[in-house]
Amino acid sequence: MIRYECKYALGRVERRRVPLTNFGGYDPDDAVRTLPKDMCGEVFNFTFDRSRLADGMSFSPFCQTLADGSSAPVPTPQTLQAKYRLFTGKLKIDGKTRDVLFASESQRLNCFVLGDANAAWQTKTDMSPGTFVSAVGYVFEDDDLMLFAGTGAGVYILSGSKGGQTVANALPIRDIRTYRERVFAVVDSERPCVWFSDTFNPYDWTVSLDAGGYIYTDGSAGKVLAIVPMNDFLFVVCEYGLFRLTAYADQSSFTLKRISSDTGRVFAQSAVVCADSLVFATIDGIYGSDGYGVRKLTSRADKLLAKSKDVKAVCWRGKYLACFDDGQTAPGGGSGAMFALDMGNGNIDIARGLDVASPTPLRGEADNLLLARSVKNGEVLAANDWGGGYRTTHAYWRIDGIDMGLPCDKKRIVQIECKTSAPFTLAITADGERHEFVFSPAVAKRLIGVAGYEFAFEIVSRSPKIEILPPLVTIDIER
């Protein structure tokens with residue numbers, strides 16, 4: 001009898017217990033395929049807070065603070081349509097400077113004085129036909145004025161005591177700012193130039209040696225889109241670059257210097273001063289300037305901006321906050337996408353389905369609020385401090401391409417532990433097959449039993465307030 005000795009090589013299983021992620025932030029170009037994967041490739045309506053995933057930006061009805069310290073809701077402006085443009089500013093009323101909301105639409109300007117329990121929206125119609133697209137405050141003869149400009153409307157100057165007046169000799173303007181006692185403007189024209197009023201007199205736009213005038217750029221950067229004052233400069237934002245304008249002595253002479261030429265097309269309403277820099281968005285990313293040079297601030301927003309049709313930005317609480325339209329519809333409906341770039345650490349938070357437009361900061365001694373208009377009914381809304389309000393869709397976080405650096409070895413997710421303040425769903429996709437597991441404060445540990453070679457993980461939350469700690473994953477790797 002012939003005997004054969006058979007030997008079998010038994011598979012070896014390696015067990016690992018690692019964090020799924022440490023919730024480091026958003027970076028669509030992160031190529032890590034092992035756990036923990038700290039940077040996610042897709043996220044909205046969450047924010048990253050000290051290695052925790054928390055509820056993101058939301059809006060609630062704006063309540064004003066009254067003189068006695070109590071609060072009261074601000075009524076919805078009675079406009080012809082809900083697509084008005086919202087501005088904030090100050091007017092001197094009865095000898096006292098007051099915060100005022102302005103809702104602008106065609107041939108109408110609605111005003112609401114904050115802090116008065118009996119206040120109501122007041123409508124002004126004594127302006128030229130057109131829609132205001134820009135506004136700025138100006139102190140003239142000890143009076144707080146608001147200057148409004150827009151397509152077909154010229155300059156409309158509003159005083160809290162004297163009423164409104166349209167400047168007859170001002171051209172149609174799409175952006176207006178103050179710089180060293182003059183009012184500067186971008187005229188709705190193809191000519192690459194910046195216009196300015198007489199010194200100390202916003203009512204006089206006469207072109208002469210001792211009054212108003214205009215300054216030409218060389219046209220190499222395209223049309224002038226906007227102007228932004230910062231420190232000792234006035235930045236001239238063009239389609240494809242920046243100029244730095246400096247005034248000397250009594251503003252009888254100006255110098256204009258180009259400081260940027262290698263950016264993509266600039267979004268007209270994206271340039272704002274934030275954290276001692278001029279920050280602006282282009283189709284290829286976010287850039288910043290100190291007045292002497294331009295540098296790219298981050299590449300994390302590149303994919304958000306590449307397909308955007310328009311960007312409207314403000315600076316709020318040290319963050320560059322931009323409304324953008326990349327053509328995506330939020331799950332469950334709702335429009336209005338935003339991202340917030342933290343100028344301190346470079347993190348980006350993304351919000352979708354907010355249904356808001358026309359963001360504008362309300363700055364005061366006690367408050368630093370961000371207001372916006374509801375696109376559904378025109379209600380004035382205020383941003384919550386990243387959480388607690390309402391939105392039309394859920395919050396979402398995702399990482400994918402996870403193979404633990406071993407694409408040929410089969411892996412099995414055995415168990416996941418996760419502490420959370422509210423329920424959420426964790427979805428695991430293994431080799432194209434999706435599985436869902438619900439975690440809650442009462443259920444912090446789940447047996448999983450999902451096997452495959454490559455995994456994707458998603459977190460979905462519909463809770464208005466939530467805080468999720470890094471999940472701990474037990475995984476078996478078959479060698």
Side-chain angles (χ1 to χ4, degrees), residues 26-29 133-134 174-175 177 179 184-194 215-246 254-316 318-327 337-348 350 359:
Y26 165 75
D27 186 352
D29 297 322
V133 297
S134 183
R174 61 168 171 251
D175 194 29
R177 295 289 184 267
Y179 170 64
F184 285 76
V186 178
V187 174
D188 192 15
S189 168
E190 294 297 321
R191 292 190 293 176
C193 59
V194 176
I215 303 168
Y216 269 105
T217 70
D218 59 13
S220 61
K223 291 193 303 184
V224 178
L225 302 177
I227 45 178
V228 183
M230 187 184 80
N231 298 331
D232 294 328
F233 308 127
L234 181 70
F235 285 94
V236 181
V237 183
C238 300
E239 289 179 293
Y240 297 98
L242 298 178
F243 288 87
R244 185 188 72 213
L245 179 69
T246 308
F254 300 89
T255 62
L256 190 67
K257 179 179 176 59
R258 185 161 184 174
I259 58 173
S260 167
S261 60
D262 56 354
T263 67
R265 180 176 58 83
V266 179
F267 292 103
Q269 300 183 76
S270 70
V272 296
V273 176
C274 196
D276 298 323
S277 294
L278 175 75
V279 184
F280 61 97
T282 76
I283 59 172
D284 59 3
I286 301 176
Y287 292 82
S289 174
D290 59 359
Y292 298 94
V294 173
R295 65 184 180 91
K296 193 168 187 178
L297 299 181
T298 181
S299 61
R300 296 183 186 181
D302 291 3
K303 293 184 178 180
L304 301 176
L305 295 170
K307 297 181 179 180
S308 293
K309 301 174 183 177
D310 193 16
V311 175
K312 170 75 167 69
V314 296
C315 182
W316 183 57
K319 295 183 179 182
Y320 178 77
L321 184 67
C323 293
F324 67 99
D325 179 9
D326 60 355
M338 292 185 180
F339 68 80
L341 169 64
D342 191 312
M343 297 296 292
N345 57 30
N347 282 342
I348 285 184
I350 303 168

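Applying the salt bridge (charged side-chain N to carboxylate O under 4.0 Å, His left out) criterion to Lys223, with sequence neighbours excluded, gives Glu190. Partners of Asp29 under the salt bridge (charged side-chain N to carboxylate O under 4.0 Å, His left out) rule, at least two apart in sequence or in another chain, are Lys303. Under the salt bridge (charged side-chain N to carboxylate O under 4.0 Å, His left out) criterion, Lys296 pairs with Asp302, not counting sequence neighbours.
For Asp276, the CG atom sits in a loose shell: 12 or fewer heavy atoms of surrounding residues, nucleotides or ligands are nearer than 6.0 Å.
Looking only at distances, a side-chain donor or acceptor of Tyr179 sits under 3.5 Å from a matching main-chain atom of Asp232. Although no hydrogens or angles enter the test, the distance criterion places no donor-acceptor pair under 3.5 Å between the side chain of Arg265 and the main chain of Ile283.
In terms of heavy atoms, Ser289 sits closest to Ile259 at OG-CD1, 3.5 Å. When all heavy atoms of Ala271 and Leu278 are compared, the pair lying nearest together is CB-CD1, 4.3 Å. Here the shortest heavy-atom pairing between Pro359 and Cys323 reads CG-SG, 3.5 Å. Closest approach of Gly222 to Glu239, counting heavy atoms only: CA-OE1, 3.4 Å. Nearest heavy atoms, Val186 versus Val224: CG1-O, 3.4 Å. Taking both residues in full, the closest heavy atoms of Ala340 and Lys319 are given as CB-CD, 4.1 Å, listed atom of the first, atom of the second, then distance.
Here the CZ atom belonging to Phe235 is positioned 8.0 Å from the CZ atom belonging to Arg244, to the nearest 0.5 angstrom. In this structure, OH in Tyr216 is found 13.5 Å from CG in Leu256, a value given to the nearest 0.5 Å. Note that the CG atom of Asp290 and the OG atom of Ser277 stand 6.5 Å from one another [nearest 0.5 Å]. The CG atom of Leu304 lies 11.0 Å from the CG atom of Leu341; values are rounded to the nearest 0.5 Å. To the nearest 0.5 Å, atoms CZ (Phe324) and CD1 (Ile350) are separated by 6.0 Å. For the atom pair CG (Asp284) and CG (Leu305), the distance works out to 8.5 Å, reported to the nearest 0.5 Å.
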Evaluate salt bridge (charged side-chain N to carboxylate O under 4.0 Å, His left out) for Asp175 paired with Arg177, printing each intermediate quantity in order. CA-CA 7 Å; Asp175 194 29; Arg177 295 289 184 267; 3.1 Å; yes

CA sep, side-chain torsions, deciding dist, call: Val237, Leu242, side chain to side chain contact (heavy atoms under 4.5 Å, CB included): CA-CA 5 Å; Val237 183; Leu242 298 178; 3.8 Å; yes

Arg295 and Tyr287: side chain to side chain contact (heavy atoms under 4.5 Å, CB included), yes or no, with the steps? CA-CA 6 Å; Arg295 65 184 180 91; Tyr287 292 82; over 6 Å; no

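Contact annotation: the side chain of Arg258 never approaches that of Thr217 to less than 4.5 Å [non-hydrogen atoms, C-beta and beyond]. Between Phe280 and Val294 the shortest side-chain heavy-atom distance falls below 4.5 Å. Residues Phe184 and Leu245 meet the side-chain proximity criterion, which asks for heavy atoms closer than 4.5 Å. Within the 4.5 Å cutoff, the side chain of Phe339 has heavy atoms near those of the Ile286 side chain. For the pair Tyr320/Ser270, a side-chain contact is recorded, criterion being any heavy-atom separation below 4.5 Å from C-beta on.
Using a 30° and 60° split on the angle between ring planes, Phe233 and Tyr292 fall in the perpendicular class, above 60°.
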